[in-house]
2 protein chains.
Amino acid sequence: MAAKYKYPRPALTVDCVILGLDEDELKVLLIERGIEPYEGKWAIPGGFVVPGESVDAAARRELLEETGLKNVFLEQLYTFGDPDRDPREHVVSVAYYALTNLAGHEIKADTDARSAAWFAVHDVPELAFDHAKILEVALLRLQGKVRYQPIGFELLPRKFTLTQLQKLYEIILEKPIDKRNFRKKILSMDVLIELDEIQQGVAHRAARLYSFNEKEYRQKEKKGFSFEL
Amino acid sequence: MAAKYKYPRPALTVDCVILGLDEDELKVLLIERGIEPYEGKWAIPGGFVVPGESVDAAARRELLEETGLKNVFLEQLYTFGDPDRDPREHVVSVAYYALTNLAGHEIKADTDARSAAWFAVHDVPELAFDHAKILEVALLRLQGKVRYQPIGFELLPRKFTLTQLQKLYEIILEKPIDKRNFRKKILSMDVLIELDEIQQGVAHRAARLYSFNEKEYRQKEKKGFSFEL
DNA sequence: ACACTTAGTGTATTAAAAACACATAAAGTG
DNA sequence: CACTTTATGTGTTTTTAATACACTAAGTGT
């Protein structure tokens, strides 16, 4: 298992900021560290890159191992390479962010005796390493990207109401949106399928359900169409 | 110099896509490889990250060592982590892109007996490793970023004409721009200083020179202003 | 003085963003 | 079952921003 190299090299890890939507808050999945350094502190899930596996694959593997999540939106965020971000040695971390709908997948909480939990992104405990910074960058990226790429749908169940969708954007962008203008715009893009189905079990008029037409979007995209909110 | 670790780890490098503007073309600085693999092929300058130096610092160091460039715009691009991007072993590369004005700095061509040269970005020789991909990503990033951040100025001399600026945007975005609309918009942002100076040595009416008011821009930025072209 | 080249300038049209309010449907309550 | 509660669904006007478009001015070279 041990390895010898002609020149020293930094260690390489991946870390995944896993975001989910819960009612009217964005949440992030954190794990409690069981070992030093930062034992007992909360951290973004991650792990070492094994030579021979692509860094993307390492991120997917860690995501699966630590949370059981599969087939979710996962994208590279930024690489954090400060030599003192880890007190042990120089550890460079390639950070990713994942989007998932909190209601859909159950998170298997404990993988290796550590507990995992969702926290509101703006109310997290003190984080290990530079993970607070990583989370901050992830949220900024999400804010930037959600406006010109339809990645918001990853945070919703497959069938959703326009109100849910609007609320999602309001949460991410942290500003209110006009209902009529929002609906006009999103519907005019023709990337939503209006389902013959309405919301169940609500104590008021039930809203129509929609789903995102990814196929249609990909075709439009090829023809130069750009999703812009 | 040799190093031993408990677990194997990929090697870590930085690569810098260095872009410059030459008349009416974007150019990229490439170096000819003097050693295997890909000996004789052209490549983006780069090198190994030394433990203890931040990855950003490594990128700056390589930039300086290989080109003599200092104090230029340099930003992280993306991390390329495919295990077979280097035939020797798994080498993960954190790519950066740098912007500089070609006329301003002289590039010291030969550092370690390898030659360096500028190539038109859309007419480069076959590149080593996955460097063609890295270049492509860099150009896409530049196209995306130039529209909402005033990074284009990095490619121009400190004093420039509005026509030069417009041409720059036309080159990067690969589409023509209306002269009057362009001037109207860029001037309305109030981030250019109109100098009491005009172009010298041209065989026609000399254009007024301008410079970018970075200080003013930073202040506006804080107040929520966003540069958008 | 004339030809050539690029600089510099304003307005009208069109398209997109923003602002804004009420009737409707369904469930819950007494 | 009338009534209250709650969220749904829907158009028009106003304002702002984007686009389209053509001629005169200034300077160099012959």
Side-chain angles (χ1 to χ4, degrees), chain A residues 21 23-25 143 146-148 156-157 159-211 220 224-229, chain B residues 21 23-24 143 146-148 150 156-157 159-171 173-211 220 223-229:
Chain A
L21 184 72
E23 289 296 316
D24 49 4
E25 280 224 298
Q143 273 194 354
V146 88
R147 282 186 306 175
Y148 64 92
L156 292 176
K159 301 171 181 183
F160 51 84
T161 69
L162 293 183
T163 303
Q164 283 178 298
L165 185 59
Q166 179 182 340
K167 209 161 162 189
L168 166 64
Y169 277 94
E170 291 178 325
I171 291 166
I172 294 176
L173 300 175
E174 297 176 341
K175 68 175 186 200
I177 299 174
D178 179 86
K179 182 154 80 158
R180 278 176 290 190
N181 293 338
F182 177 80
R183 290 161 108 91
K184 207 190 308 171
K185 194 159 181 185
I186 198 88
L187 288 176
S188 74
M189 291 188 199
D190 274 328
V191 292
L192 294 189
I193 301 171
E194 183 176 331
L195 301 173
D196 284 331
E197 214 174 327
I198 57 169
Q199 222 176 5
Q200 298 297 320
V202 285
H204 53 78
R205 175 175 177 180
R208 159 151 269 113
L209 291 172
Y210 290 80
S211 72
K220 282 188 195 296
F225 163 85
S226 94
F227 181 95
E228 268 184 62
L229 210 107
Chain B
L21 184 71
E23 289 297 317
D24 49 4
Q143 274 194 354
V146 87
R147 282 186 306 176
Y148 63 92
L156 291 176
K159 300 171 180 183
F160 51 83
T161 69
L162 293 184
T163 303
Q164 284 178 298
L165 185 60
Q166 179 182 339
K167 208 161 163 191
L168 166 64
Y169 276 95
E170 290 177 325
I171 291 166
L173 300 176
E174 297 176 342
K175 67 175 187 199
I177 299 174
D178 179 88
K179 182 155 81 156
R180 280 178 287 192
N181 293 338
F182 178 79
R183 290 161 108 93
K184 206 191 308 171
K185 194 158 178 185
I186 197 87
L187 289 175
S188 74
M189 291 187 197
D190 274 327
V191 292
L192 294 188
I193 301 171
E194 183 176 332
L195 301 174
D196 284 332
E197 213 173 327
I198 57 170
Q199 221 176 6
Q200 298 297 319
V202 285
H204 54 77
R205 174 174 178 183
R208 162 152 266 113
L209 291 172
Y210 290 81
S211 72
K220 282 188 194 298
K223 292 177 196 153
F225 162 84
S226 93
F227 181 94
E228 267 183 64
L229 208 107

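First the proteins, then the strands, lettered A, B, ... as listed; each starts at 1.
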Colleague: What about B:K185, does its side chain sit under 3.5 Å from the base of D:dT19 through a donor-acceptor pair?
Modeller: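 Per atom types, no contact qualifies.
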Colleague: Take the protein atom CD1 of A:I177 and the nucleotide atom P of D:dG9, then report the distance between them rounded to whole Å.
Modeller: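 That distance rounds to 17 Å.
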Colleague: So, does A:Q143 use its side chain to make a donor-acceptor pair with the main chain of A:I172 at under 3.5 Å?
Modeller: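 Yes.
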Colleague: Calculate the interatomic distance between B:I198 atom CD1 and C:dT6 atom P; express it in whole Å.
Modeller: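 In whole Å, C:dT6 P lies 16 Å from B:I198 CD1.
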Colleague: Atom NZ of A:K184 and atom P of C:dA15: how far apart are they, to the nearest Å?
Modeller: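 Taking NZ of A:K184 and P of C:dA15, I get 16 Å after rounding.
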Colleague: Please determine whether the number of non-hydrogen atoms from other residues, nucleotides or ligands lying under 6.0 Å from atom CZ of B:R183 exceeds 12.
Modeller: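 Counting other residues, nucleotides and ligands, CZ of B:R183 exceeds 12 neighbours.
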Colleague: Kindly point out which of D:dT19, C:dA18, D:dT8 is positioned nearest to the side chain of B:N181?
Modeller: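 Comparing D:dT19, C:dA18, D:dT8 against the side chain of B:N181, the answer is D:dT19.
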Colleague: Just wondering, do A:R147 and A:L173 contact through their side chains at under 4.5 Å, heavy atoms?
Modeller: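 Yes, close enough: below the 4.5 Å cut-off.
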Colleague: Tell me if the side-chain of B:R180 makes a donor-acceptor pair with the base of D:dA22, cut-off 3.5 Å, by modelled atom types.
Modeller: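 Check passes, donor-acceptor contact within cut-off.
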Colleague: Would B:D190 and B:K220 satisfy side chain to side chain contact (heavy atoms under 4.5 Å, CB included), going step by step from the backbone distance to the final call?
Modeller: CA-CA 9 Å; B:D190 274 327; B:K220 282 188 194 298; 3.8 Å; yes
Colleague: Quick one, A:L209 and A:I198 - any side-chain contact, counting heavy atoms below 4.5 Å?
Modeller: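 They are not in contact (no side-chain heavy atoms under 4.5 Å apart), so the answer is no.
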Colleague: Give a yes/no answer on whether the side chain of B:R183 brings an N or O atom under 4.0 Å of OP1 or OP2 in C:dG8.
Modeller: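 True: B:R183 side-chain N/O within range (under 4.0 Å) of C:dG8 OP1/OP2.
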Colleague: Tell me: NZ of B:K175 to C1' of D:dT19, nearest whole Å?
Modeller: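 About 12 Å, once rounded to whole Å.
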Colleague: Within this structure, what is the CG-to-P distance between B:D178 and C:dT9, rounded to whole angstrom?
Modeller: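 Between P of C:dT9 and CG of B:D178: 14 Å.
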Colleague: Counting distance alone, no hydrogens or angles: does the base of D:dT6 have a donor or acceptor under 3.5 Å from a partner atom on the side chain of A:R205?
Modeller: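 A donor-acceptor contact between them is absent.
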Colleague: Nearest whole angstrom, please: distance from the P of D:dA17 to the CD of A:E228.
Modeller: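 About 16 Å, once rounded to whole Å.
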Colleague: To the nearest angstrom, how far is B:Q166 atom CD from C:dG8 atom P?
Modeller: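 So the two atoms are 12 Å apart, to the nearest Å.
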Colleague: Using whole Å, report how far CZ of B:R208 lies from P of C:dT6.
Modeller: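 From B:R208 CZ to C:dT6 P: 20 Å.
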Colleague: Does A:T163 make a side-chain N or O approach to OP1 or OP2 of D:dA7 shorter than 4.0 Å?
Modeller: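 Answer no for this pair, as no side-chain N or O of A:T163 is under 4.0 Å from OP1 or OP2.
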